[in-house]
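I have placed the structure first, in the form of structure tokens, so that the comments after it can refer back to it.
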Amino acid sequence: MKKTILSGIQTSGALHLGSYLGAIKNWVALANEYGCYYMLADLHAITVRQDPAALRETTLRQIAQYVACGLDPERNTLFVQSHVRAHAELAWVLGCYTMFGELSRMTQFKDKSAKNAENINAGLFTYPSLMAADILVYKADLVPVGDDQRQHLEITRDIAQRFNGIYGDTFVVPDAYIPKVGARIMSLQEPTAKMSKSDSSPGGCVYLTDSPDVIAKAFKRAVTDSEASVRYDAEAKPGVSNLIEIYSACTGKTAAETETEFSGRGYGDFKKAVGDAVTETFRPIREEAERILADRAYLESVYRTGAEKASAVADATVREVYEKVGFLAK
Ligand code: TYM
């Protein structure tokens, strides 16, 4: 029997180089060996205020991008989180097995509360219980994510173990799959901060939809240092090290090979090469995503079929959990 993968990306903004290299690229690589559920996390997205029309559009575009990245909907279950009721149902139950103290320690909650001081809502706080439900409802073995989700995976494991300890084996305790290269792509403008869709500095974040021109400009302006030497040292040279990491992830070359390739050459050359590597990685995906996005009937069939397949599995887990906790059967 194939093992199971579940992962997802919030539909709160456009896909970018970080979410591509940290997550999707590995989803595609793992897709043949596992039974895969890849989700569009719209329930999670509304923990931060979203414009309804923009949210719908982003969600549709993201489905097209999943497919364009190489996730074949015939072989992977691609679905929208809110289309599968079991996520919200299990999240409520798991919330009763998640401790206030645990949630208070989540760095993502602390970061997001600081950034959204006017809207520190309960959903932002209980976000990890919903994420645990996403994973545990499919009894996933493996969860491919970037480094910033490590803590959420740990709390998911704790919740699963706690529940299993009380009610007997119910959930699979999942492992995180965090790639060796590309797990933490940094902002091009502020290389000590993670690249993210909420990046406020223009050019800090490179999106899957960006044209080659925009990408070239962003890399040309990328913050480096005054040493003029392409050498990996994340502490002393965060900007250059981030560019090496991006180059390695896009070309498959190691950091050492990259250093050799650019030894004695200036940053101008190097930045151009990194920009080209990203452009060539994104170009086919962008073009294919636009083509797919134009075919709304096809997109609908992808997410409807995905929701049906996902619901069949997820509903069975919720029934099992309801029975274990003692809810009266309907
Ligand atoms: P999200 O939407 O913030 O990011 C999606 C995925 O992309 C990775 N990622 C990065 N990797 C490397 N460098 C970066 N700069 C970078 N930025 C983002 C993230 O680690 C993630 O893998 N809570 C999740 C979404 C989610 C989920 C789930 C994930 C909801 N339910 C269940 C896995 C399983 C999140 O906010 O990811």
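All figures in this text were calculated on a predicted structure; none of them were measured in a lab. First listed ligand is number 1; within each ligand, the first listed atom is number 1.
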* **Tyr97 and Phe163 aromatic ring geometry - parallel, tilted or perpendicular at 30°/60° bounds** => perpendicular
* Asked: Do the charged groups of Lys324 and Glu320 touch, with an N to O distance under 4.0 Å?
  -> yes
* Asked: Under 4.0 Å between a Lys/Arg side-chain N and an Asp/Glu carboxylate O for Arg150 and Asp147?
  -> yes
* Between NZ of Lys2 and CG of Asp141, what distance do you get to the nearest 0.5 Å? -> 13.0 Å
* Collect the protein residues that have a non-hydrogen atom under 4.0 Å from ligand 1 and hand them over in chain and number order. => Leu6, Ser7, Gly8, Ile9, Gln10, His16, Gly18, Ser19, Gly22, Ala23, Met39, Ala41, His44, Tyr127, Met131, Asp134, Ile135, Val143, Val145, Gly146, Asp148, Gln149, Gly182, Ala183, Arg184, Ile185, Lys194, Met195, Lys197
* Asked: Going by an N to O cut-off under 4.0 Å, is there a salt bridge joining Glu288 and Arg291?
  -> yes
* To do: Return the orientation label for the His87 and Tyr138 ring planes: parallel under 30°, perpendicular over 60°, tilted otherwise.
  => tilted
